[in-house]
Amino acid sequence: MAYWLVKSEPDSWSWDQQVKAGAKGTPWTGVRNHTAKANLIKMKKGDRAFFYHSNVGKEIVGIVEVAKEHYPDPTDKTETFVVVDFKAVEPLKTPVTLVQIKADKKLSEMALIKYSRLSVQPVTADEWKYVCKLGGA
DNA sequence: GCCAACGTTGGC
DNA sequence: GCCAACGTTGGC
């Protein structure tokens with residue numbers, strides 16, 4: 001199983017909305033970047049991803065799971081980009097903030113820091129376990 | 001095919 | 001609100 005991190009501005013799609021959307025899963029729409037698209041395509045059902053609030057909060061707030069593998073983005077008229085469906089798994093008891101990640105040597109290689117504008121990124125198994133521990137998940 | 005101009009993302 | 005990073009567009 002692979003691990004990922006997805007970003008969303010809570011003003012447009014927040015963790016709370018993801019939780020309320022329930023166990024069926026909801027499409028992760030709006031990706032318009034080819035690197036991010038390539039990552040979406042690599043995702044397999046059952047893969048897990050951190051849900052990160054960009055701009056407001058700037059912290060990892062929860063864990064989602066791939067409920068459905070990639071298919072064309074219904075909001076993309078050009079039919080170039082894809083979505084996957086995510087469902088909420090569990091919140092982090094303690095959100096892990098960007099400040100915390102930057103200050104932590106173990107997490108200094110995270111794509112979140114190195115490729116700060118990429119909205120769908122891979123996370124290594126070590127980073128995954130460590131962030132889960134920090135967050136109390 | 002190069003590169004300047006422009007738009008967007010996202011941290012500060 | 002500013003601006004750095006970076007992707008995209010369009011003229012040549």
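Throughout, a chain's letter reflects where its sequence line sits, starting with A, and its residues are numbered from 1. The model shown is predicted, which means the values in this text are computed figures rather than measured ones. These values consider heavy atoms only, across backbone and side chains, with no hydrogens, waters or symmetry-generated copies.
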Next on the checklist: So which atom in Ile60(A) and which in Leu92(A) form the shortest heavy-atom distance, rounded to 0.1 Å?
Outcome noted: O-CD1, 3.4 Å
Checklist entry - Is any side-chain N or O of Lys58(A) closer than 4.0 Å to OP1 or OP2 of dG10(B)? => result no
Checklist outcome for this item: Minimal heavy-atom distance between Val56(A) and His53(A), with the atoms involved, is O-CB, 3.4 Å
Polar atoms only, N or O, under 3.5 Å: list the protein pairs with nucleotides 3-9 of chain C and their distances.
unit_1 : atom_1 : unit_2    : atom_2 : d
dA5(C) : N3     : Arg117(A) : NH1    : 3.0
dC6(C) : O4'    : Arg117(A) : NH1    : 3.0
dC6(C) : O2     : Arg117(A) : NH1    : 2.7

Item to check | Reported CG-to-NZ distance for the pair Asn55(A) and Lys7(A), which is rounded to 0.5 angstrom | outcome: 9.5 Å
Checklist entry - With under 30° as parallel and over 60° as perpendicular, where do the rings of His34(A) and Phe81(A) fit, or are they tilted in between? => result tilted
Checklist entry - What is the distance from CD of Glu59(A) to P of dG11(B), rounded to the nearest Å? => result 12 Å
Next on the checklist: What I want to check is whether the side chains of Arg32(A) and Thr75(A) have a donor and an acceptor closer together than 3.5 Å.
Outcome noted: yes
